[in-house]
Amino acid sequence: MLTPLVKSGSLPPNRCHFQSFWPMRPDRYNPRESEPFWQRAWEESGIFHSRNDDPRPKYYVLEMFPYPSGRIHMGHVRNYAMGDVVARYMRARGRNVLHPMGWDAFGMPAENAAMQSGAHPAVWTYANIDTMRRQLKSMGLSLDWSREVATCDPRYYKHQQKMFLDFYKAGLVDRKTAKVNWDPVDQTVLANEQVIDGRGWRSGAPVEQRDLTQWFFKITDFAESLLSGLDTLERWPEKVRLMQRNWIGRSEGLLMRFAISGDGPSSMVEVFTTRPDTIFGASFVGLAMDHPIVRALAEKRPELAAFCDMCRRTGTSTADIETAEKQGFDLGIAADHPFLDNVRLPIYATNFVLMDYGTGAIFGCPAHDQRDFDFASKYALPIVPVICPPGVEPKDVSVAEGPYTGDGLLFNSHFLDGKTVDAAKDEIAARLEARRIDGAPQGVRRVNYKLRDWGVSRQRYWGCPIPMIHCDACGVVPVPEKSLPVELPQDVEFDRPGNPLDRHPTWKHVACPTCGKPARRETDTMDTFVDSSWYFARFTDPWNEAAPTTASAISNWLPVDQYIGGIEHAILHLLYSRFFMRGMKATGHADIEEPFAGLFTQGMVVHETYRGATGWLSPADVRIEQTAEGRRAFSLSDKGEVEIGSIEKMSKSKRNTVDPDEIIGSFGADAARWFMLSDSPPEGDVIWSEEGVQGVARFMQRIWRTVGELGNIAAPVGAPLPATLGPDAFALRKATHQALAKVEDDIVRLRFNRCVAHANEFVNRLGQAIGAITTDQVGADLAFAAREAAEALAHLVAPMMPHLAEACWRDLGHAEFISSAAWPVADRDLVREDMILLPVQVNGKKRDEVLAPRGADTATVEGLALASEAVQRALEGRPVKRVVVVPGRIVNVVI
RNA sequence: GCGGACGUGGCGAAACCGGUAGACGCAAGGGACUUAAAAUCCCUCGGGGAAUUCCCCGUGCGGGUUCGACCCCCGCCGUCCGCACCA
């Protein structure tokens, strides 16, 4: 089980000296000894615990918390390395940093493990948490472990149940029937992602569509707010905002009522359209198979029922939808055209109208919609064009080449003729709003969304129980708050399919809180996305036993300043969290609407694949040989040559995974972290390679040597800046501050690959500088510059390679941690060059470079450029038309 | 089909607001040190031609704008991602 949370009053001091023994400087830096040493020292000193009463400006950096699947993978290493760089940098810049970690611990894999091996989900989950916590700690992350939470802990889900009840009271929870994917073998609801080619992912049985009464969060109540809020999220990737915009899918249109004449189950049908302007091109009305009119008619007409069944069977898999032909069934009834007395539109049951969008009914205008066009072509319905494209005469408009969906002017449309599409939409809406049918307006302007309410019911054991009770007398009754948490029973069986909670002998039997008569608990548990929709808020005060959140902690810490995670959560997790924050605001648990001010979506870790005679081979079982002709791979077991395949996301099936424990064991956490941040831009994929990480190991030794060499000639800790500096010392200081400035600029923009390049460049320059120094000539100025350079180097790499940096820092004579030392902010005046090397072009082609004083006037620079021999040669005596001087940038001589 | 992103050496990539294309790393080749290996250090490394100093070509392809284009505009080709009958 989790260690108890530390009470906030008992947090250790923020900084402290350490007394543990650190050996004399070895020639080679040994991460295997150093890393555990520093990890223990950090843990003992508690420097990464953040206090809620710290007066410094806050910074909340968070990486998406892991599901405790068993072991961490390289994707975690990359994710958490990035977050740790930000956390450590911001801490060095004087911020009060919150950098917590927890576990997204409910979910199906725990139940699958229980079914396969008999281990109780809780036992399995907590064992995994222990393993993964140890692995994360071996990475040297600057996490505040005192705030650790696991969503499967009753101390966490108790508060989630409380908020469910508050949402319920606030009208944000609904109970309604909905279509679900039902696995008849496992007897459970499947998420869409768990339906593969129409079959359950686990049982392989054909999935049925069932109507089930489910609990819903009314996320659609916030559709407009969730959409408009996206505009305020300036530090989110545009790609993610766009995906959310499309997912919410706002469209403006008109609800239109058509009268149905003659016999039938209804005298009226309501459609939703975004194109009311095309009403004079309408030639049919289409209904979804589950539309009430179709259902009513199907009860009396077996051939219609058979048609509907046939259509329902297809459409589960995406491949079917792609190829499905438009199908219709003429219901034999017709709708009256609202403006043409003698026109009646035939009504069809169709397979391409969706029941859960709009009203489940459309009017079809084949001339201006692809689907309607396909349908009309198949069933020989009229295709009447009513929009005339710009630059075309109405008499020349043809529908032979398919529908026209663009803008234009109306024709064939009576009172709309000559109007623009927008004006025509307004005109139709205004006219229908003024008319009444069955006592209601015939037209109502309406905004429609693709966004659906969030169904949170799951027929599973390992999730947060929904705190509701069903009473035959009182109906649905919330569990009283004093009875929370509704805890999961421990004694459950996984020997049969279905929900163990439902068949538990006693758990669900409970007295009705209202009337006291025997009643039943809700046996559905919540979707695990609920758990992850507010954990970032819980981290601000995980010690509060009385309430989910503490107002002061929420307003101090939220929003999260930098959230980092995979793009795969671009929609659901991030949208649900944004909804939850709004719900928490509405119920007094929070005071803001947007939980994540900054979002960064990092790329995947990929690796090449190896395919031998017997199948895929793991990188650990392959030896790579470098030859001039290229790379060849051989199996370690049978020595046979294996094919080097494509580079793909690390996956168990392709066996191209690398185990973080092994990498950390042989190269160290610093090397793994550094490699993850180097080479590739963080939003792109990074290719893991053995050669690359070996290169990092060499670089680490180089840093260690460089710091040692500089340390040999460095001034004592805290030595003052000498009054005068010789040219060598001045150049060294300049290089130091240039490197600092570059890393500062790139680290805040999360361009870690560039930070790595700057660090490499700096070490190269330091190597040259050291090579030029002979020991007997070191004066106070150079000694100062050497100390400054060595300390800057340690600081530069500290966010990424914290252990090595600590060792260097200690080696340079510091008693405190570099992890709690202040960042040596670059002196930007020192960085500025007095003389600038300006490229000179002739007609846009570079011919020479001239050295000019910074801020030299145009005439001077022009004179220098024209005096250049290379420029004169390129001119070949031709007259100069013009000289373009971009100050501080470039000169272009135009001939 | 709709929406979006991307395309630069052998490879991963840099290039700020339209201003020196290829920083930095990996791989490769050559050399120094060494009995040898490892480690370390130095040199070369987009293509072509003169053969270190010079010239031509080069950022998927074809046009355009500009003194100047990897960058902006138009049209293609290719790759990847998201959504998918949304009325």
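Quick note: numbers below take in every heavy atom, side chains included, and nothing from hydrogens, waters or symmetry partners. Note that the structure is a prediction, hence the values are computed from the model and not measured.
- A salt bridge between Asp356(A) and Lys450(A) is absent, with no side-chain N of the basic residue lying under 4.0 Å from a carboxylate O of the acidic one.
- Pairing of rG1(B), defined by two Watson-Crick or G-U wobble distances under 3.5 Å, is identified with rC83(B).
- The base of rC67(B) sits with one of its N or O atoms less than 3.5 Å from a complementary donor or acceptor on the side chain of Asn892(A).
- Residues Arg702(A) and Asn764(A) bring a donor and an acceptor atom of their side chains to less than 3.5 Å of each other.
- Taking for each of Val884(A) and Leu837(A) the nucleotide of RNA chain B with the nearest heavy atom, the 5'-most of the two is the partner of Leu837(A).
- Side-chain N/O atoms of Ser678(A) include none lying less than 4.0 angstrom from OP1 or OP2 on rG12(B).
- At the phosphate of rA39(B), neither OP1 nor OP2 sits under 4.0 Å from any side-chain N or O atom of Arg702(A).
- Taking the six-membered ring for Trp and the full ring otherwise, Phe675(A) and Phe667(A) have centroids separated by 6.0 Å or more.
- Remark: Arg751(A) is in phosphate contact with rA15(B), judged by side-chain N or O atoms under 4.0 Å from OP1 or OP2.
- Distance from the side chain of Arg705(A) is smallest for rU40(B) among the nucleotides rA87(B), rC57(B), rU40(B).
- A sub-4.0 Å separation between OP1 or OP2 of rA14(B) and a side-chain N or O of Arg754(A) is absent.
- Classified by its glycosidic torsion, rG25(B) falls in the anti category, the angle being over 90° from 0.
- Counting non-hydrogen atoms under 4.0 angstrom, Leu242(A) reaches the backbone sugars and phosphates but no base.
- Across all strands shown, Gln841(A) has heavy atoms under 4.0 Å from base atoms, whether or not it also approaches the sugar-phosphate.
- Between the side chain of Asp679(A) and the base of rG12(B), a donor-acceptor pair under 3.5 Å is found.
- A donor-acceptor contact under 3.5 Å is formed by the side chain of Lys326(A) with the base of rC85(B).
- Ranking rA87(B), rG19(B), rC57(B) by closeness to the Tyr357(A) side chain, first place goes to rA87(B).
- Taking the six-membered ring where the residue is Trp, Tyr348(A) and Phe375(A) present perpendicular rings, their angle passing 60° and hence far from 30°.
- Residue contacts for Glu849(A): at a heavy-atom cut-off of 4.0 Å it reaches a base atom on one of the strands shown.
- Defined by atom type and a distance below 3.5 Å, a donor-acceptor pair is present between the side-chain atoms of Thr220(A) and Asp453(A).
- For Asn351(A), whose side chain is taken as the heavy atoms from C-beta onward, the closest listed nucleotide among rA13(B), rC85(B), rC55(B) is rC85(B).
- Close to rC55(B), at under 4.0 Å from its OP1 or OP2, lies a side-chain N or O of Arg847(A).
- Distances shorter than 4.0 Å separate none of the side-chain N or O atoms of Asn448(A) from OP1 or OP2 on rA87(B).
- The CG atom of Asp277(A) sits 13 Å away from the P atom of rA87(B) (whole-angstrom rounding).
- Nucleotide rU20(B) forms no Watson-Crick or G-U wobble pair with any nucleotide shown, as no partner meets the under 3.5 Å limit on both distances.
- Each of Ile567(A) and Gly684(A) lies near RNA chain B, and the nucleotide nearest Gly684(A) is the one positioned closer to the 5' end.
- Across all strands shown, rA28(B) forms a Watson-Crick or G-U wobble pair with rU44(B), both key distances being under 3.5 Å.
- With rA23(B), rC85(B), rG68(B) as the candidates, the nucleotide lying closest to the side chain of Phe352(A) is rC85(B).
- OP1 or OP2 of rG25(B) sits under 4.0 Å from a side-chain N or O of Asn764(A).
- When the side-chain nitrogen and oxygen atoms of Arg28(A) are compared with OP1 and OP2 of rA38(B), none of them lie within a distance under 4.0 Å.
- Using a 4.0 Å cut-off, no side-chain N or O of Lys450(A) falls inside it from OP1 or OP2 of rC85(B).
- Here Ser251(A) lies in heavy-atom contact (under 4.0 Å) with sugar-phosphate atoms only.
- In summary, the aromatic rings of His368(A) and Phe373(A) are positioned with their centroids too far apart to meet the 6.0 Å limit.
- More than 90° away from 0 lies the glycosidic angle of rC16(B), which makes this nucleotide anti.
- Val883(A) comes within 4.0 angstrom of nothing in the nucleic acid, heavy atoms only.
- Base pairing of rG7(B) is made with rC77(B), judged by Watson-Crick or G-U wobble geometry with both donor-acceptor distances under 3.5 Å.
- Taking 4.5 Å as the limit, every side-chain heavy atom of Leu242(A) sits out of range of all side-chain heavy atoms of Lys239(A).
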